[in-house]
Amino acid sequence: MLYYLGKLLEKWDVTGARLLGYVSFRAIVAFVLALLFATWTGGYIIKFLHRKSIGETIRQLGLEGQQRKHNTPTMGGIIIILAILLPTILFCRLDNVYVLLMIFTTLMMGAIGFIDDYIKVFKKNKAGLKGKYKIIGQVITGLVVGMVLYLSPSVTINENSETLNPETNRVESVSFANEEVKSTKTTIPFVKNNNFDYADLIPFKGEAQQAITWGFYIVMIILIVTFISNCVNLTDGLDGLASGTAAPVGLVLLVLAYVSSHINFASYLNIMFIPGTEELVIFGAAFVGATLGFLWYNSFPAQIFMGDTGSLTLGGIIAVFAIIVRKELLLPIMTGLFIIEGLSSLLQTGYFKFTKHRTGVGKRIFKMSPLHHHFQKAGDTSIDALIKRPLKTIPENKITVRFWLIAIILAALSIGTLKMR
């Protein structure tokens with residue numbers, strides 16, 4: 001919105017109006033505004049939720065500090081959503097297809113999470129929204145994103161090609177195709193020629209290959225959105241854990257969007273040039289600001305929980321953002337912590353069912369899942385689990401900070417993959 005105002009003021013020779021045209025300036029302001037908005041509105045929203053008695057009912061799992069969390073306000077994801085959307089609407093170009101996709105993802109995933117939290121809090125149904133309806137919502141989100149990427153003429157890339165020195169076999173120069181083309185190509189980390197086309201997986205040729213490839217690509221998008229959003233949802237179990245580990249991921253995505261949209265950086269890093277993703281830098285800055293601002297109230301001891309309203313939204317945003325900048329195959333590194341948390345629950349459930357079917361007695365791999373709860377429980381002889389260490393419980397805030405550090409390391413490694421090949 002203010003971008004267009006800046007263009008108008010620039011025509012009138014108003015001093016400083018050109019600043020609103022710079023992505024870097026708009027991103028900085030969006031970050032600051034999102035952070036301040038989250039911290040400013042958070043207190044009012046917490047008071048409102050307290051008055052309405054919108055508190056979390058905690059399952060008693062025998063974990064340290066659980067009783068303290070009882071009746072802590074939930075649905076705090078509303079703070080994050082508002083803090084992301086306000087700077088986005090103010091400072092992004094709203095005619096940009098990628099920005100519109102991110103706004104759609106934020107609202108759609110936020111709505112799914114809000115319905116789940118509403119059922120838990122107001123209907124007093126701890127199960128919340130049935131799993132199949134959550135999956136349907138996530139599938140619809142992924143399907144819409146995939147169809148827009150397929151159908152929109154604005155979604156294009158300029159593919160990079162390299163010239164090698166015949167003597168040293170090193171890259172001498174990188175050039176880009178003159179024409180912007182629609183493509184199902186993405187990026188594989190740690191590989192020299194790191195462009196990968198989903199079409200290479202399809203055994204057919206010609207028009208049939210193109211149609212099947214796009215269908216396969218859309219299915220991949222649906223699976224990624226569903227999987228990552230659920231993994232982030234499972235990670236949201238300790239004070240400040242999900243928001244604190246999402247912020248470094250947002251920073252990585254912001255950097256990837258910037259270098260992918262800047263032809264000189266794209267040439268230096270030998271990655272595909274994706275016109276239009278520069279506006280996602282502003283959205284990414286708002287995302288980081290909102291998650292850090294939410295930590296003002298969500299860090300240990302939490303005054304508010306984000307609930308599914310926030311966790312599903314964060315996961316959906318991360319997945320769609322990575323898909324847009326053609327870095328979805330980097331997600332296992334970038335969101336490694338979230339994926340480990342999600343897989344720990346899947347493995348725990350699968351192993352329990354398998355052993356119960358084979359022996360009649362269900363056994364566990366971890367003391368408790370998701371993984372962060374494993375470290376909260378003592379590994380005494382009464383626990384029937386394959387992995388009992390650590391034997392002593394680790395304080396909640398220490399687990400959270402250690403997970404933050406792991407997330408920062410994975411974020412640094414993710415950015416490093418741009419040159420590590």
Taking atom types as modelled and ignoring hydrogens, do the side chains of T74 and D117 form a donor-acceptor contact shorter than 3.5 angstrom?
no
Within the distance-only criterion (no hydrogens, no angle test), does the side chain of D239 pair as donor or acceptor with the backbone N or O of P301 below 3.5 angstrom?
no
Quick one, Q376 with M368, criterion side chain to side chain contact (heavy atoms under 4.5 Å, CB included). Give me CA distance, side-chain angles, the key distance, then yes/no.
CA-CA 9 Å; Q376 285 186 288; M368 187 174 290; over 6 Å; no
Would you give the length of the straight line joining atom NE2 of H373 to atom CD of E396, rounded to the nearest 0.5 angstrom?
9.0 Å
Are side-chain heavy atoms of M102 and V99 found at a separation under 4.5 Å?
no
Rounded to the nearest 0.5 angstrom, the CH2-CD1 distance for W404 and I399 is 13.0 Å
Gap between atom CD1 of I387 and atom CZ of R364 - 0.5 Å precision:
14.0 Å
For residues 256-265, the salt bridge (charged side-chain N to carboxylate O under 4.0 Å, His left out) pairs (sequence neighbours left out) are none
Between F196 and Y198, how do the two ring planes meet: parallel, tilted or perpendicular, split at 30° and 60°?
perpendicular
Give a yes or no on whether the backbone of E180 and the side-chain of T156 come within a donor-acceptor separation of less than 3.5 Å.
no
Can you say whether the rings of Y150 and W214 are parallel (under 30°), tilted (30 to 60°) or perpendicular (over 60°)?
tilted
Which heavy atom in A290 sits nearest to a heavy atom in I84, and how many Å separate them?
CB-CG1, 3.6 Å
Quick check against the 3.5 Å criterion: does S344 have a side-chain atom that pairs as donor or acceptor with the backbone of P370?
no
Residue pairs fulfilling side-chain hydrogen bond (donor to acceptor under 3.5 Å, both in side chains) with at least one residue in residues 23-36, sequence neighbours excluded
R26-E279
Looking at V155, is its backbone amide N or carbonyl O close enough to the side chain of K182 to form a donor-acceptor pair, meaning the two atoms are under 3.5 Å apart?
yes
Min side-chain heavy-atom separation E159-M272 under 4.5 Å:
no
Mark yes or no: K398 above the aromatic ring of F300, with NZ or CZ under 6.0 Å from the six-membered ring centre and no more than 45 degrees from the axis.
no
Distance in Å, I323 CD1 paired with L329 CG, rounded so as to fall on 0.5 Å steps:
10.0 Å
So do the side chains of V225 and V145 get within less than 4.5 Å of each other, counting heavy atoms only?
no
To the nearest 0.5 Å, tell me how far I340 CD1 sits from F403 CZ.
8.5 Å
Under the 3.5 angstrom rule, does the side chain of Q209 hit a backbone N or O of A199 as a donor-acceptor pair?
yes
Salt bridge (charged side-chain N to carboxylate O under 4.0 Å, His left out) partners for R93, two or more places apart:
D95
D116 and side chain to side chain contact (heavy atoms under 4.5 Å, CB included): which partner among T309, N233, N125, L129?
L129
Are side-chain heavy atoms of I318 and F287 found at a separation under 4.5 Å?
yes
Say you draw a straight line from OG1 of T186 to NZ of K327; how long is it, rounded to the nearest 0.5 Å?
7.0 Å
Name the orientation class of the two ring planes belonging to F321 and F283 (parallel below 30°, tilted from 30 to 60°, perpendicular beyond 60°).
tilted
Side-chain touch N158/I263, heavy atoms, less than 4.5 angstrom
no
I want to check something: taking the side chain as every heavy atom from C-beta on, are I45 and Y297 in contact at a cut-off of under 4.5 Å?
no
Give a yes or no answer on whether the side chain of S152 reaches the backbone of L149 with a donor-acceptor pair at less than 3.5 Å.
no
